[in-house]
Amino acid sequence: MPLTLLVVPCYHGERALPRVYVEWIEQRLARGDELALHGYTHRDEAPAPRTIGERLRRGVYTAREGEFAALARDEAIERIERGRDWFGDRGWPLRGFVAPAWLVSSGTWQALERFDFLYTTTLTQFHLLDRGIAMRAPTVVYSTRSAWRRMASRRWNSMLAQTMRGAPLVRLGFHPADAAYDVVMAHALALVRSLSDGRTALTKSAFARAVR
């Protein structure tokens, strides 16, 4: 299956990439995978939330990882530009942007109008940016930060997969931390096998081009 790999240029402030990681990325590109810009630092450094809802969304749901959850337009533009430049320095193609934790502020939506990205995705939708079209497409994704989250996400994803069997688009998202838990990966791979039956596996950009 071709994959869309979400790449963070300066993850938690770390600027230097190990050469083995760069070589791995280039091997994946040669294999037919796609890269998407996944924020710049993957850290929510905006002013602290003021409402209970925002505290839950930015603190509990994502543990302050939602970098673009509360950014104003100009700050979002600056971070996206830095990420695009970083990709360009390496000669890596870039057609999509996915905000960390899928949290997109109104300022970020405004910023995306400045760029030529083909698509972005949120937790429940696939957005064709140049057409202004949003397609409903919930994501099968796991939360592994605690035992109860791992159990709850497995149960939720089993139910979600059942409802998605007839959907035109099925999305599956994985985090590096998922691989640390055998029970999570076994569940995930079983869903992949089940949901892929009779379907064509595509990267995000390939799907966007097909829809267009």
Side-chain angles (χ1 to χ4, degrees), residues 1 3-18 20-21 24-25 28 33-71 75-76 79 83 96-105 108 120-127 136-164 170-195 204:
M1 288 184 175
L3 308 176
T4 296
L5 305 174
L6 307 187
V7 180
V8 185
C10 189
Y11 183 75
H12 286 197
E14 180 60 53
R15 296 182 180 276
L17 288 181
V20 65
Y21 177 76
W24 180 79
I25 289 289
R28 301 301 301 193
D33 291 347
E34 173 200 11
L35 308 182
L37 178 61
H38 191 43
Y40 187 69
T41 66
H42 210 282
R43 285 193 302 200
D44 181 353
E45 299 166 310
R50 297 180 179 179
T51 67
I52 293 176
E54 280 295 289
R55 286 198 293 271
L56 290 173
R57 193 169 76 108
R58 293 170 56 194
V60 177
Y61 166 64
T62 186
R64 299 290 290 184
E65 296 279 336
E67 180 182 1
F68 285 77
L71 292 185
E75 177 66 17
R79 288 175 181 247
F97 170 83
V98 180
W102 294 294
L103 296 180
V104 185
S105 67
T108 300
T120 190
T121 54
T122 57
L123 178 62
T124 60
Q125 293 186 311
F126 194 108
H127 299 262
R136 177 168 171 74
T139 307
V140 172
V141 64
Y142 294 84
S143 178
T144 60
R145 281 189 283 138
S146 64
W148 76 264
R149 283 174 178 264
R150 294 191 291 274
M151 179 182 67
S153 62
R154 294 198 307 276
R155 291 182 177 178
W156 169 256
N157 285 336
S158 292
M159 292 188 294
L160 181 59
Q162 288 294 326
T163 67
M164 294 169 60
V170 172
R171 291 170 52 203
L172 301 108
F174 301 100
H175 295 93
D178 296 348
Y181 302 97
D182 291 344
V183 66
V184 170
M185 291 310 301
H187 188 271
L189 292 175
L191 285 187
V192 169
R193 285 191 293 269
S194 173
L195 291 171
K204 291 177 186 286

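Side-chain contact between Trp24 and Leu5 is present, with heavy atoms from C-beta onward closer than 4.5 Å. The shortest distance between side-chain heavy atoms of Phe97 and Thr108 falls below 4.5 Å. Here the side chains of Val98 and Leu37 are not in contact, with every heavy-atom distance at 4.5 Å or above. Side-chain contact between Arg43 and His12 is present, with heavy atoms from C-beta onward closer than 4.5 Å. The side-chain heavy atoms of Glu67 and Leu103, taken from C-beta on, include no pair separated by under 4.5 Å. Side-chain atoms of Leu6 and Val8, non-hydrogen and from C-beta on, never get closer than 4.5 Å to each other. Residues Met185 and Asp182 fail the side-chain proximity criterion, which asks for heavy atoms closer than 4.5 Å. Proximity of Phe174 to Val141: side-chain heavy atoms (C-beta onward) are nowhere separated by under 4.5 Å.
The side chain to side chain contact (heavy atoms under 4.5 Å, CB included) check on Thr163 picks up Leu160, with sequence neighbours excluded. For Tyr142, the ring-ring contact (aromatic ring centres under 6.0 Å, His included) criterion is met by His187, not counting sequence neighbours. For Thr139, the side-chain hydrogen bond (donor to acceptor under 3.5 Å, both in side chains) partners two or more places apart in sequence, or in a different chain, are Arg171. With sequence neighbours excluded, no residue forms a side-chain hydrogen bond (donor to acceptor under 3.5 Å, both in side chains) with Thr120. Among residues two or more places apart in sequence or in another chain, the salt bridge (charged side-chain N to carboxylate O under 4.0 Å, His left out) test is passed with Glu34 by none. By the side chain to side chain contact (heavy atoms under 4.5 Å, CB included) test, Arg150 pairs with Thr144, Ala147, Arg154, Tyr181, Val184, sequence neighbours left out.
Within the model, atoms CD of Glu75 and OH of Tyr40 stand 11.5 Å from one another, a figure rounded to the nearest 0.5 Å. Remark: Trp156 CH2 to Ser143 OG distance equals 13.5 Å, nearest 0.5 Å. Atom CZ of residue Arg28 and atom CG of residue Leu35 lie 10.5 Å apart, to the nearest 0.5 angstrom.
Here the shortest heavy-atom pairing between Gly83 and Pro9 reads CA-CG, 4.0 Å. Residues Met164 and Pro138 come closest through the heavy atom pair CE-O, 3.5 Å. Nearest approach of Ala99 to Phe68, heavy atoms of both residues: CB-CB, 4.1 Å. The shortest heavy-atom contact between His38 and Ala101 is CE1-N, 4.4 Å.
In this structure, the side chain of Ser194 does not engage the main chain of Ala190 through any donor-acceptor pair within 3.5 Å. With Asp33 contributing its side chain and Thr4 its backbone, the two residues share no donor-acceptor pair below 3.5 Å.
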Step by step, work out the side-chain contact (heavy atoms from CB on, under 4.5 Å) result for Thr124 and Arg136.
-> CA-CA 6 Å; Thr124 60; Arg136 177 168 171 74; 4.2 Å; yes
